[in-house]
S.K.: 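Structure provided below as structure tokens; questions to follow.
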Amino acid sequence: MNRVLSLSPFLSLNPFTNRLVVKMSATAASNVGIPAGSLVVKPPAHPTYDLNGVIQLALSEDAGDRGDVTCKATIPVEMEVEAYFLAKEDGIVAGIALAEMVFKEVDPSLKVEWYVKDGDSVHKGLQFGKVHGRAHNIVVAERVVLNFMQRMSGIATLTKAMADAARPAYILETRKTAPASGNVTLETVNKIGQSGVTYISSGALTHSVKALDISLKIDTELALEVGKRTKRA
């Protein structure tokens, strides 16, 4: 049986001030038919949960309705190329699923292939993925893809380093986005972890992270070969 407290207002005259006073009376109502769960107020959705919306905003900010003007001026519209992801330093890869969403948003016909998965280690000089399709669309997607992947991979790389240094303590996620207190860094976390604490939170994972250096390189030799064969080079 559901019981709800009902507040009913009524007017009365204050004999001392001759003013009308609003009073509230509380009564308990039973069997009002309102499920208890429906009274719970759900928190608002976080804006970054809408990844497609974030991707569209990033693409609009970067290229708008103009595309990549340099690419348009130098490469035939129908030219197809193959580009590969190159790690330019050691680290941990993150953002692969988001990168695929960006490519799909720009051109669903682009073919993406990965040789690693999120959380895998990469070393300098490693080719860890490739994308094939129209050069114009690959170049439009490239900057947004790399912006996301470099940032996310930088966070993943620092997180792995701090987690290793903090043992036997555990590193927790953090809500910090700006330098707010604590001074928990890669240089200090080992000493803190050895002090006997169980969990450590560090804002440096988000507000002070260095992006992992990743490139998307177009295979120019293949592009020239295809261009000559189709008389578009």
Side-chain angles (χ1 to χ4, degrees), residues 43-59 61-62 83-103 105 112-131 138 141-218:
H46 194 283
T48 58
Y49 288 171
D50 181 12
L51 292 181
N52 285 319
V54 172
I55 289 170
Q56 290 169 6
L57 286 173
L59 289 169
E61 179 185 43
D62 184 62
Y84 56 88
F85 285 90
L86 177 69
K88 299 178 72 174
E89 60 182 325
D90 299 348
I92 306 296
V93 170
I96 285 177
L98 189 56
E100 290 186 352
M101 292 176 67
V102 176
F103 283 125
E105 179 68 27
V112 189
E113 183 179 352
W114 303 98
Y115 313 133
V116 297
K117 61 183 183 298
D118 278 346
D120 282 353
S121 298
V122 294
H123 61 264
K124 182 178 180 179
L126 178 69
Q127 294 183 22
F128 61 90
K130 66 180 180 180
V131 56
I138 290 176
E142 172 196 21
R143 188 68 264 153
V144 173
V145 166
L146 291 179
N147 282 347
F148 282 129
M149 286 196 71
Q150 288 180 310
R151 169 76 174 172
M152 295 172 70
S153 297
I155 293 174
T157 300
L158 181 58
T159 300
K160 175 65 165 59
M162 291 193 71
D164 289 343
R167 289 178 179 151
Y170 295 92
I171 294 292
L172 298 180
E173 62 182 353
T174 175
R175 302 189 311 278
K176 292 182 182 179
T177 56
S181 60
N183 194 33
V184 179
T185 65
L186 186 57
E187 291 72 31
T188 63
V189 73
N190 180 261
K191 184 177 180 180
I192 298 171
Q194 298 299 316
S195 68
V197 298
T198 305
Y199 303 109
I200 304 172
S201 177
S202 173
L205 295 177
T206 48
H207 64 58
S208 301
V209 72
K210 173 183 175 294
L212 187 68
D213 195 356
I214 299 172
S215 291
L216 184 62
K217 300 288 188 182
I218 290 179

S.K.: Might you point out which heavy atoms bring Ser201 and Val184 nearest each other, and give the distance in Å?
M.R.: O-CG2, 3.8 Å
S.K.: Quick check for you: to the nearest 0.5 Å, what is the distance between Ile171 atom CD1 and Met162 atom CE?
M.R.: 4.5 Å
S.K.: Under the salt bridge (charged side-chain N to carboxylate O under 4.0 Å, His left out) rule, what pairs show up with a residue in residues 89-102, not counting sequence neighbours?
M.R.: Glu89-Lys210
S.K.: Which residues satisfy the ring-ring contact (aromatic ring centres under 6.0 Å, His included) test with Phe128, sequence neighbours excluded?
M.R.: Phe85
S.K.: Could you give the distance from CG (Leu158) to OG (Ser202), rounded to the nearest 0.5 Å?
M.R.: 7.0 Å
S.K.: Name all residues meeting the side-chain hydrogen bond (donor to acceptor under 3.5 Å, both in side chains) criterion together with Gln56; count only those two or more places apart in sequence or in a different chain, and write none if there are none.
M.R.: none
S.K.: List the atom of Gly95, the atom of Met149, and the distance in Å for their closest heavy-atom pair.
M.R.: O-CG, 3.7 Å
S.K.: Taking side chain to side chain contact (heavy atoms under 4.5 Å, CB included) as the test, write out the residues that go with Lys88, two or more places apart.
M.R.: Leu86, Asp213, Ser215
S.K.: Applying side-chain hydrogen bond (donor to acceptor under 3.5 Å, both in side chains), name anything that partners Gln150, two or more places apart in sequence or on another chain.
M.R.: Arg143
S.K.: Tell me the salt bridge (charged side-chain N to carboxylate O under 4.0 Å, His left out) pairs involving residues 192-205, sequence neighbours left out?
M.R.: none
S.K.: Kindly write out the residues that satisfy side-chain hydrogen bond (donor to acceptor under 3.5 Å, both in side chains) with Lys217, not counting sequence neighbours, or none if the list is empty.
M.R.: none
S.K.: Sequence neighbours left out, what pairs pass salt bridge (charged side-chain N to carboxylate O under 4.0 Å, His left out) with at least one residue falling in residues 194-208?
M.R.: none
S.K.: Does Ile92 have any side chain to side chain contact (heavy atoms under 4.5 Å, CB included) partners at least two apart in sequence or in another chain, and if so, which?
M.R.: Ser121, Ala156, Thr157, Lys160
S.K.: What heavy-atom pair brings Ile138 and Ala83 nearest, and what distance separates the two atoms?
M.R.: CG2-CB, 4.3 Å
S.K.: Where is the tightest heavy-atom contact between Thr206 and Arg151, given as atom of each residue plus distance?
M.R.: O-NH2, 2.6 Å
S.K.: Under the side chain to side chain contact (heavy atoms under 4.5 Å, CB included) criterion, do Val116 and Ile96 qualify, and how do the steps go?
M.R.: CA-CA 9 Å; Val116 297; Ile96 285 177; 4.0 Å; yes
S.K.: Listing request: all salt bridge (charged side-chain N to carboxylate O under 4.0 Å, His left out) pairs with a residue in residues 115-127, at least two apart in sequence or in separate chains.
M.R.: Lys117-Asp120
S.K.: Looking at every non-hydrogen atom in both residues, tell me the closest pair between Ile155 and Leu205 and how far apart they are.
M.R.: CG1-O, 3.4 Å
S.K.: Evaluate Leu98 against Val145 for side chain to side chain contact (heavy atoms under 4.5 Å, CB included), listing each step before the verdict.
M.R.: CA-CA 8 Å; Leu98 189 56; Val145 166; over 6 Å; no
S.K.: Return the CG to CZ distance between Leu51 and Phe148, rounded to the nearest 0.5 Å.
M.R.: 8.0 Å
S.K.: Which pairs would a plain distance check flag for residues 189-197, meaning a side-chain donor or acceptor within less than 3.5 Å of a matching protein atom at least two apart in sequence or in another chain?
M.R.:
| from | atom 1 | to | atom 2 | distance (Å) |
| --- | --- | --- | --- | --- |
| Asn190 | ND2 | Ala165 | O | 2.9 |
| Gln194 | NE2 | Arg167 | O | 2.8 |
| Ser195 | OG | Ile192 | O | 2.6 |

S.K.: How far apart are the closest heavy atoms of Leu216 and Leu146, and which atoms are they?
M.R.: N-CD1, 4.0 Å
S.K.: Quick check: does any side chain N or O of Thr185 sit under 3.5 Å from a backbone N or O of Ala204, one acting as donor and the other as acceptor?
M.R.: no
S.K.: Near Tyr115 OH, under 6.0 Å, is it more than 12 heavy atoms from other residues, nucleotides or ligands?
M.R.: yes
S.K.: Could you check whether any side-chain N or O of Thr198 sits under 3.5 Å from a backbone N or O of Ala169, counting only pairs where one atom can act as donor and the other as acceptor?
M.R.: no
S.K.: Return the set of residues passing side-chain hydrogen bond (donor to acceptor under 3.5 Å, both in side chains) with Glu61 (not counting sequence neighbours), or none when no residue passes.
M.R.: none
